[in-house]
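Here the structure is a predicted model, which means the values were calculated and not measured.
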Amino acid sequence: MDTKLLSTRATTWFVLCSVVLVLYFARDFLLPVALAVFVAFVLAPAVRRLERVGLPRLAATIATTVGVGALVAGLGWILAGQVNDFINEMPEYRANVRAKAADFRATFGDTFERANSTVRDLSEDLSNRGAAVTPLATTGQPPVTVIANDGGTFGSLPDTLGSVVELGAVFALVFLLAFVILLCWEDLRDRLLALAGEHDLLSTTRAADDASARVSSYLRRQLFVNGIHGITMGLVLWWIGVPNPLVWGLLGVVLRFVPYLGPAVSTLAPILVSFASSDGWEQTWLAAGALIGLELITNNVLEPRIYGACTGISPFALLVSTAFWTWIWGPIGLVLAAPLSVCLLVLGKRFSTLRFLDLLFREEPALSQPSRLHHRLIANDPYEAWEVLRDERTRSSWVETADRVLLPALGMTGIAHAENRMDGDTRARIAVLAHGLVDEIDEQAPATAQLPGASDVRILCLPARDEFDSVGCRLMVSTLKSRGFQPTTSPENHLLSEVLEAAARGEYDAIMISSILPTHFLHLRSLCKKLLAVESRVEILVALWGEDLSVEEMRRRLPDSNRVHVVTTLASAIAWSEEFAMRARSLRTTDPIPSATPATSP
């Protein structure tokens, strides 16, 4: 491996590990800052709208923060009142819980009692076998019982007040930082751009804009979905008769911002309240069925359609990222996991040294379809290889599938063998698998319209070297037969002299030479020269499957003749064959071209 590349990777991983350590050990300082940036990011669109109306920046910032604070305080006041009512009504629910518990014991009591008795007996057996000598038996003195004094209510009051004051101070600091960030938005943005380096302002600006657009779109759409979910939840619970439906609707909106855990809590809590508050089981089952159905619809219908793909992060990567940020920053990290993951994804897309982040987080497959097929062929897995082709077939035709996936994958194999990264046995085994895939394509390919007069066109498909090139021949033959042609093939161990004699006798109208990467132009040039030296009207189609050079460049590397044609895809080869079929009949009536040595290129 290149020493410079190895050094760059080592430096990148060292910096990455250092950043993780800083994030973990400095979380007490970084958490309020991250929350403030998140709040400022959420409120920035409202501030910009007020500025467009004509308000100064200071007035727009004050109006936005005060308005949001008042809204949060009002909702908190309503929520606190509802919670207080619920707490006051809790003693009334005790009889309902006892009645349901009695019904439960009457139905399943014997089963649970037998299970509990079995477990208790096993525990006693294990404890008797492993019992050690007690201190009473050795010392003769009774054990001393220690009773902890928790200080009662007044003893825990200072700790409780201290926690409340600390939490309030953190929230005050977050809102103060968010206010300052909104007030100095442009200045802070310019400082961050300058910190990243003025020499690369284009990449930094694009990364910032991309992250801003993705996060803003994600938050707006999530708020819209959460609002629909919460309103629907409150109305359903009100209709069923569950107490305090407003509380559960608001919690349904807020808790869904917490990935994975929030939706479960917002769904389970009202079901438990219905269990405790209702006289029978009907309301509980109605609430459970309605809320679970609503959650399924939101998860599987609304979220994928409205904001499922706006972040560009794969579900598995988001799950791992959520676990990581929760480990680093606790519950706040759980809330910030999605926006932070979006920022990491954008960094990986925009900066080459962080490309591994793009590979880890992006929703698109990490490997292209040809690379996936190449990998499955190397692994000697024909079933998954066929699944790759069939998956591509759902989006395109079989011809396009061969051009986009199969032929490029075989080209990767040929290049790997030419660069001594693959042994000959593996290449031969892949060739056998490729022939099997062509057989499957031949069976699955639908019937197409027959081209008039195509059956009279005599085409010979000739592999340039070996069985690898013959895969292209078989693809071409299969496709031409579906369009009414009757091509013939020559095996890879053909005698070139026999082909030349047949061409001189006029047995072929055209000869197609199939070559899969890597292209050996000297061999192809020699083969074309020998065919051109024959006194005939046969035309030569050189199919360089997967070659990325221009057609003009490839023609310059082959003999200069109007009878030599070059294609790089199966689709273009079919198009040439159909065009050739229109003029093949007239070519047979003309005199053969005398043998001549074509001009050599420098």
Side-chain angles (χ1 to χ4, degrees), residues 75 78-79 82-83 85-87 89-90 92-109 111-112 218-311 313-316 318-323 326 331 334-335 337-338:
L75 292 176
I78 296 173
L79 187 62
Q82 296 280 320
V83 171
D85 294 341
F86 175 73
I87 293 175
E89 294 172 357
M90 283 186 68
E92 302 177 5
Y93 301 154
R94 187 176 301 170
N96 296 329
V97 174
R98 287 177 176 175
K100 289 185 173 63
D103 293 342
F104 193 80
R105 283 196 300 269
T107 305
F108 302 102
T111 302
F112 281 101
Y218 171 76
L219 292 177
R220 285 197 307 269
R221 298 183 184 196
Q222 188 178 27
L223 179 61
F224 177 71
V225 171
N226 292 0
I228 294 177
H229 183 89
I231 292 172
T232 307
M233 175 186 288
L235 292 175
V236 168
L237 293 177
W238 170 78
W239 177 73
I240 293 175
V242 178
N244 311 106
L246 181 60
V247 174
W248 311 123
L250 291 175
L251 288 178
V253 175
V254 175
L255 289 178
R256 289 191 65 82
F257 282 100
V258 181
Y260 307 110
L261 183 62
V265 174
S266 65
T267 301
L268 186 61
I271 296 176
L272 294 178
V273 170
S274 175
F275 172 80
S277 62
S278 61
D279 294 333
W281 290 92
E282 181 180 359
Q283 186 189 90
T284 303
W285 290 119
L286 281 175
L291 293 183
I292 293 174
L294 178 62
E295 187 65 35
L296 291 175
I297 292 174
T298 303
N299 281 336
N300 299 293
V301 179
L302 293 181
E303 287 184 354
R305 291 180 179 272
I306 295 178
Y307 71 89
C310 67
T311 60
I313 303 175
S314 68
F316 177 76
L318 183 59
L319 179 61
V320 174
S321 177
T322 301
T326 305
L334 185 63
V335 177

Please table the atom pairs, donor to acceptor, closer than 3.5 Å between any side-chain atom in residues 234-247 and protein atoms at least two apart or in another chain.
| unit_1 | atom_1 | unit_2 | atom_2 | d |
| --- | --- | --- | --- | --- |
| Asn244 | ND2 | Gln82 | O | 3.4 |
| Asn244 | ND2 | Gln82 | OE1 | 3.1 |

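- Within the 4.5 Å cutoff, side-chain heavy atoms of Glu303 are placed close to those of Thr298.
- In terms of heavy atoms, Pro263 sits closest to Arg256 at CB-NH1, 3.6 Å.
- In terms of the side chain to side chain contact (heavy atoms under 4.5 Å, CB included) criterion, residue partners of Val265 (sequence neighbours excluded) are, by chain and number, Leu255, Leu261.
- Trp248 is not listed as a side-chain neighbour of Leu291, based on a closest heavy-atom distance of 4.5 Å or more.
- If you take CG on Asn226 and CD1 on Ile231, they are separated by 11.0 Å, rounding to the nearest 0.5 Å.
- Sorted by first then second residue, the side-chain hydrogen bond (donor to acceptor under 3.5 Å, both in side chains) pairs that include residues 260-274, not counting sequence neighbours, are Thr267-Glu295, Ser274-Gln283.
- Between atom CG of residue Leu296 and atom CG of residue Leu302 there is a gap of 11.5 Å, rounded to the nearest 0.5 Å.
- Rounding to the nearest 0.5 angstrom, the gap separating the CD1 atom in Ile313 from the OG1 atom in Thr322 is 8.5 Å.
- Nearest heavy atom pair, residue Thr284 against residue Ile271, reads CG2-O, 4.3 Å.
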